[in-house]
2 protein chains.
Amino acid sequence: MIINKESLLKERIAQIAQQLRERGYRVTPQRMAIVQAVLESSEHPTAEEVYRKVSDSFPMLSLATVYKTLEMLKTLGEIVEIPVKGQVHYESNLRPHVHLICERCHKVMDWGEEIVPPIPKETIESSGFYPRYYLVEVHGLCSQCQSESNSVPEADKPRGNPGA
Amino acid sequence: MIINKESLLKERIAQIAQQLRERGYRVTPQRMAIVQAVLESSEHPTAEEVYRKVSDSFPMLSLATVYKTLEMLKTLGEIVEIPVKGQVHYESNLRPHVHLICERCHKVMDWGEEIVPPIPKETIESSGFYPRYYLVEVHGLCSQCQSESNSVPEADKPRGNPGA
DNA sequence: TTAACTGCAAATGCTTTGCATCGAT
DNA sequence: ATCGATGCAAAGCATTTGCAGTTAA
């Protein structure tokens with residue numbers, strides 16, 4: 001039996017639907033469409049991006065519903081928030097890994113390599129902190145923004161003394 | 001000659017003042033008070049917290065000036081932003097290290113251990129991403145919030161079927 | 001002297017909330 | 001038939017911006 005990415009996704013969505021029923025949440029079409037959109041995206045979408053994506057199939061969808069559903073998924077422990085420059089991105093891969101975060105376009109990318117630096121959970125716990133998950137964030141410039149970095153003015157620098 | 005934390009801080013502040021002059025920024029009392037407040041804090045303060053601290057010596061200080069100065073320090077590369085739950089914290093220690101971030105009170109703490117997991121900079125660069133700095137974020141509950149976790153209602157759970 | 005900085009207030013933009021209606025159970 | 005979910009609009013809140021007066025250089 002071949003287990004591919006798609007069937008794993010389907011399975012996870014089914015498990016979430018069951019969990020919802022068990023916990024007294026209702027399983028609505030909007031909700032499940034949002035769940036699928038977040039889980040199937042590997043691009044760490046923002047609420048707005050999830051909204052735009054799901055809107056194709058649910059033109060009546062409201063952004064508030066997206067936010068509420070994402071909040072629900074957070075409560076269930078199915079996703080985590082990745083705040084970047086005033087906007088929250090959502091991550092459904094809860095295994096430790098590396099994020100490459102572009103300081104210019106604010107995209108969040110997974111680093112291809114699956115290797116993760118080991119964090120000694122026990123040592124952290126001994127400091128009294130209870131760890132739930134961890135991530136490595138590498139901040140810098142994505143390849144696209146490196147080549148474009150001349151086309152946009154820098155932040156509010158003063159004009160005087162540009163040379164010295 | 002003994003080099004302690006305090007004198008290192010003084011030195012760094014002096015260097016920043018010099019850099020400001022060289023780049024055509026002006027060295028104002030507010031600015032330098034804000035710079036000192038951020039650099040001397042090891043608690044990753046928010047703009048609001050910096051504002052409250054500096055307000056003791058500058059009652060006329062405005063929050064906008066704090067934001068503008070923090071933006072300036074970012075541009076100079078002296079600090080970086082650590083966005084947490086809708087508020088930005090500021091970090092002046094640019095060496096890779098571990099942050100313990102509490103999901104409940106949203107404090108950002110440095111992990112005592114100085115060890116950092118090695119990130120192979122070259123491997124990341126080979127993917128086309130230009131890394132500037134990196135951090136490890138461990139999310140969970142701080143010791144205080146663990147003991148208080150019963151005293152605050154959970155997020156908007158539905159009421160039905162609490163057991164099953 | 002003069003151009004940058006400050007402080008104020010208004011504006012912005014993401015996210016949350018209240019509420020009437022709708023629909024899953 | 002319930003009562004939670006949805007969609008809309010309004011509110012909330014951190015941050016940014018515009019501008020007139022102030023001040024470092």
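To find a chain, count down the sequence lines: A is the first, B the second, and so on, and within it residues start at 1.
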Given atom NE2 of A:His106 and atom P of C:dG13, what is their separation to the nearest angstrom?
14 Å
Between C:dT12 atom C1' and B:Tyr67 atom OH, what is the distance in whole Å?
13 Å
Would you call B:Glu71 and B:Lys74 a salt bridge, using N to O less than 4.0 angstrom?
yes
Please report the distance, rounded to the nearest Å, between CG in B:Leu63 and C1' in D:dC13.
12 Å
Does anything in residues 41-55 of chain A reach DNA chain D, meaning a heavy atom under 4.0 Å, and if so which residues?
none
Between CG of A:Leu70 and P of D:dA5 the distance, given in whole Å, is 15 Å
Let's see if you get this right: which residues in residues 27-38 of chain A place a heavy atom under 4.0 Å from DNA chain D?
A:Thr28, A:Gln30, A:Arg31
Find the distance B:Lys85:NZ to C:dC14:C1' and express it as a whole number of Å.
13 Å
Whole-Å distance, A:Ile82 CD1 to C:dT15 P, equals 13 Å
Which atom pairs link the protein and nucleotides 18-23 of chain D when you take only N or O atoms and keep those under 3.5 Å?
unit_1: D:dG18; atom_1: O6; unit_2: B:Lys68; atom_2: NZ; d: 3.2

Would you kindly give the CD-to-P distance between A:Gln87 and D:dT16, to the nearest whole Å?
13 Å
Which whole-number value in Å describes the distance from A:Tyr90 OH to C:dT15 P?
6 Å
